[in-house]
Amino acid sequence: MLGLALFLPPLAGGLPPAGQRALLVTLITIVLWTSEALEPGVTALLAVTLLPLSGATPTVRDALQGFASPVPYFLVGVLTMGAAVVKSGLAERLARTILERARGRSLAVYVQLVLAFPVLTFVLPSATL
């Protein structure tokens with residue numbers, strides 16, 4: 001699929017070939033990830049491998065440059081904590097409490113969410129994302 005796509009006309013005019021290839025690798029990764037055709041870890045490794053193979057980055061080191069920042073690790077940690085909160089049932093309990101106190105009034109739900117946001121930031125870190 002990647003080989004065929006490399007011969008297609010440019011996806012975005014004015015974008016250098018390396019940028020177009022990176023965009024193509026990103027689209028392939030999104031399709032594989034959302035379709036769950038491969039395990040998420042395999043899809044991630046494939047994406048990093050496809051970047052230098054397609055010519056989007058000159059080396060594997062350049063493909064891994066984004067992992068030099070602590071932001072990806074923060075996002076993985078936050079998403080893991082968010083999944084744990086959902087799996088444990090805490091998120092559902094908090095949602096039920098907010099909905100019960102609102103008694104069917106949408107404005108009350110909104111006000112409670114705005115007021116609860118600072119607390120939810122510590123309880124559910126994924127809520128801030």
Side-chain angles (χ1 to χ4, degrees):
M1 186 164 97
L2 177 65
L4 290 174
L6 291 175
F7 294 107
L8 291 175
L11 295 172
L15 191 64
Q20 292 177 12
R21 291 177 178 169
L23 184 60
L24 182 64
V25 169
T26 302
L27 291 174
I28 290 170
T29 304
I30 290 170
V31 168
L32 288 174
W33 192 11
T34 56
S35 68
E36 295 182 1
L38 299 172
E39 291 292 321
V42 175
T43 301
L45 291 173
L46 182 65
V48 171
T49 305
L50 284 177
L51 286 171
L53 288 178
S54 68
T57 61
T59 64
V60 175
R61 182 182 204 98
D62 291 332
L64 294 170
Q65 186 64 35
F67 295 102
S69 168
V71 173
Y73 301 109
F74 168 75
L75 292 176
V76 168
V78 165
L79 291 174
T80 303
M81 289 173 59
V85 166
V86 169
K87 192 169 185 169
S88 71
L90 179 59
E92 186 175 345
R93 284 192 303 244
L94 286 172
R96 284 184 192 274
T97 302
I98 289 172
L99 290 174
E100 286 171 1
R101 289 185 179 181
R103 297 187 187 113
R105 297 175 307 207
S106 59
L107 181 60
V109 171
Y110 176 74
V111 169
Q112 286 183 38
L113 287 175
V114 169
L115 294 176
F117 193 71
V119 175
L120 290 175
T121 302
F122 295 106
V123 176
L124 305 168
S126 60
T128 58
L129 295 176

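Numbers for residues simply follow the sequence, beginning at 1.
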Quick one: closest heavy-atom pair of [X] and [Y], and the distance?
X   : Y   : answer
V31 : T34 : O-OG1, 3.4 Å
R21 : S54 : CD-O, 2.8 Å
P52 : A63 : CD-CB, 3.9 Å
G55 : A18 : O-CB, 3.9 Å

Applying the 4.5 Å side-chain criterion to the ILVMFWY set and letting contacts propagate, would [X] and [Y] be lumped into a single cluster?
X    : Y    : result
L24  : L46  : yes
L115 : L107 : yes
L50  : V42  : yes

Calculate, to the nearest 0.5 Å, the distance between atoms [atom1] and [atom2] belonging to [X] and [Y] respectively.
X   : Y   : atom1 : atom2 : value
T59 : Q65 : OG1   : CD    : 9.0 Å
L45 : T29 : CG    : OG1   : 11.0 Å
L32 : E39 : CG    : CD    : 12.0 Å

Exercise for the section: Sort out for me which residue in V48, T57, L51 forms a side chain to side chain contact (heavy atoms under 4.5 Å, CB included) with V25. Expected result: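 Passing option: L51.
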Note to self: Quick one: does any side-chain atom of R105 pair with a main-chain N or O of A102 as donor and acceptor, under 3.5 Å?
What the structure shows: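 Judged by distance alone, yes, a pair lies under 3.5 Å.
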